[in-house]
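Here's the structure we're looking at; comments come further down.
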Amino acid sequence: MTIARDLLGKILVTEFDGQRTSGRIVETEAYNGVTDRASHAWSGRRTKRTEVIFARGGTAYVYLIYGIHHLFNVVTNVKDTPHAVLIRALEPLEGIPVMLRRTGKPSPDHSLTRGPGNLSRALGLLTSHTGTTLLGDTIFIADDGWRPRRSDVVAGPRIGVDYAGEDALLPYRFFIKGSPYVSGRKKINQ
DNA sequence: CTGACGATTCACT
DNA sequence: GTGAATCGTCAGC
């Protein structure tokens with residue numbers, strides 16, 4: 001939970017085949033383990049797919065949704081405690097031309113890394129990266145000391161988890177107010 | 001083995 | 001605002 005907030009302002013970096021891309025994290029969502037109906041690990045569901053969420057913190061969990069989009073998560077807790085943080089939006093920093101090529105966009109705009117599906121595509125993240133440690137040199141979190149002002153960090157309900165009942169209302173989504181890269185639907189936004 | 005569906009996005013009405 | 005795309009995962013038979 002605290003970790004989701006602390007990740008705001010940090011830099012997510014991927015480096016595949018010498019192509020480095022990075023972006024500052026401006027939006028995250030926390031998934032709070034077995035008590036969170038919106039989490040894949042809810043109620044102790046532990047399967048081949050979700051196994052990685054039970055790993056120790058600092059592990060990547062990349063999940064394919066709707067057969068189309070990849071969603072990138074960071075496993076945040078100790079072994080056997082399935083907490084994860086979904087990275088929902090970045091502000092592009094390095095490797096923007098590479099991102100453009102990956103996404104097929106002609107020019108950089110706010111949609112390049114806005115939304116978990118777009119972001120993963122821009123950084124070249126695939127489900128095959130699930131289980132990769134973030135302590136290595138292909139996918140990792142960097143910190144240049146930049147921090148959002150405390151008054152600019154906003155918490156709100158998560159997106160796309162309406163099926164989770166009451167848990168869908170929990171303020172587990174954190175984002176930096178005013179960033180043009182923050183995603184969000186029209187309903188419960190900002 | 002079979003069927004149902006999702007932590008989304010994009011194009012179209 | 002609505003609906004389709006598209007496939008790995010999981011539950012059930």
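Naming convention: chains lettered A, B, ... in sequence-line order (proteins, then strands); numbering from 1 in each chain.
- Residues A/Val161 and A/Phe72 do not share a hydrophobic cluster, clusters being chains of Ile/Leu/Val/Met/Phe/Trp/Tyr side chains in contact below 4.5 Å.
- The aromatic ring centres of A/His129 and A/Tyr61 sit 6.0 Å or more apart.
- Atom CG of A/Leu119 and atom C1' of B/dT9 are 14 Å apart (whole Å).
- The A/Ile68 side chain lies nearest to C/dT6 when the options are C/dT6, C/dC10, C/dC7.
- Side-chain proximity of A/Arg45 to B/dA7, C/dC10, B/dC10: nearest is C/dC10.
- In the set B/dC10, B/dA7, B/dT8, the nucleotide with an atom closest to the side chain of A/Asn73 is B/dA7.
- Residues in residues 61-77 of chain A take part in no salt bridge (Lys or Arg N to Asp or Glu O under 4.0 Å) pair, two or more places apart or across chains.
- Taking atom NE2 of residue A/His69 and atom P of nucleotide B/dA11, one finds them 11 Å apart after rounding to whole Å.
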Derivation and outcome, salt bridge (Lys or Arg N to Asp or Glu O under 4.0 Å), residues A/Arg158 and A/Asp162:
CA-CA 9 Å; A/Arg158 289 172 294 185; A/Asp162 295 345; over 6 Å; no

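- B/dA7 sits 22 Å from C/dG1 when the C1' atoms are compared, rounded to a whole Å.
- Closest contact between the side chain of A/Ile53 and the listed nucleotides C/dT9, B/dT9, B/dA7 involves B/dA7.
- For A/Leu64, counting side-chain heavy atoms from C-beta on, the closest listed nucleotide (C/dT9, C/dG8, B/dA7) is C/dG8.
- Atom CG of A/Asp144 has more than 12 neighbouring heavy atoms from other residues, nucleotides or ligands inside a 6.0 Å radius.
- Around the CZ atom of A/Arg56, the shell of radius 6.0 Å holds no more than 12 heavy atoms that belong to other residues, nucleotides or ligands.
- Rounded to an integer number of Å, the gap from A/Leu125 CG to B/dA7 P is 19 Å.
- Taking atom NE2 on A/His70 and atom C1' on B/dG6, their separation rounds to 14 Å, with Å as the unit.
- At C/dA4, none of the side-chain N or O atoms of A/Tyr66 fall inside 4.0 Å of OP1 or OP2 (strictly under the cut-off).
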Dot-bracket for DNA chain B, 5' to 3', counting Watson-Crick or G-U wobble pairs under 3.5 Å, with [ ] for crossing pairs and | for inter-strand pairs?
||||||.|||||.

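- Shown here is A/Asp80, whose CG atom has more than 12 heavy atoms of other residues, nucleotides or ligands within 6.0 Å.
- Below 30°, between 30° and 60°, or above 60°: for A/His40 and A/Tyr63 the angle between ring planes is above 60°, a perpendicular geometry.
- Atom CD in A/Glu51 sits about 15 Å away from atom C1' in C/dT9, given to the nearest Å.
- Nucleic acid contact class of A/Tyr172 (heavy atoms, under 4.0 Å, all strands): none.
- When the side-chain nitrogen and oxygen atoms of A/Arg121 are compared with OP1 and OP2 of B/dC10, one or more of them lie within a distance under 4.0 Å.
- In this structure, A/Arg37 places its CZ atom 12 Å from P of B/dA7, rounding to the nearest Å.
- A stacking contact links A/Tyr31 to B/dA7: the aromatic ring centre lies within less than 5.5 Å of the base's six-membered ring centre, and the planes differ by less than 30°.
- Note: NE2 (A/His110) to P (B/dC10) measures 11 Å, nearest angstrom.
- To the nearest angstrom, P of B/dT9 lies 13 Å from CG of A/Leu112.
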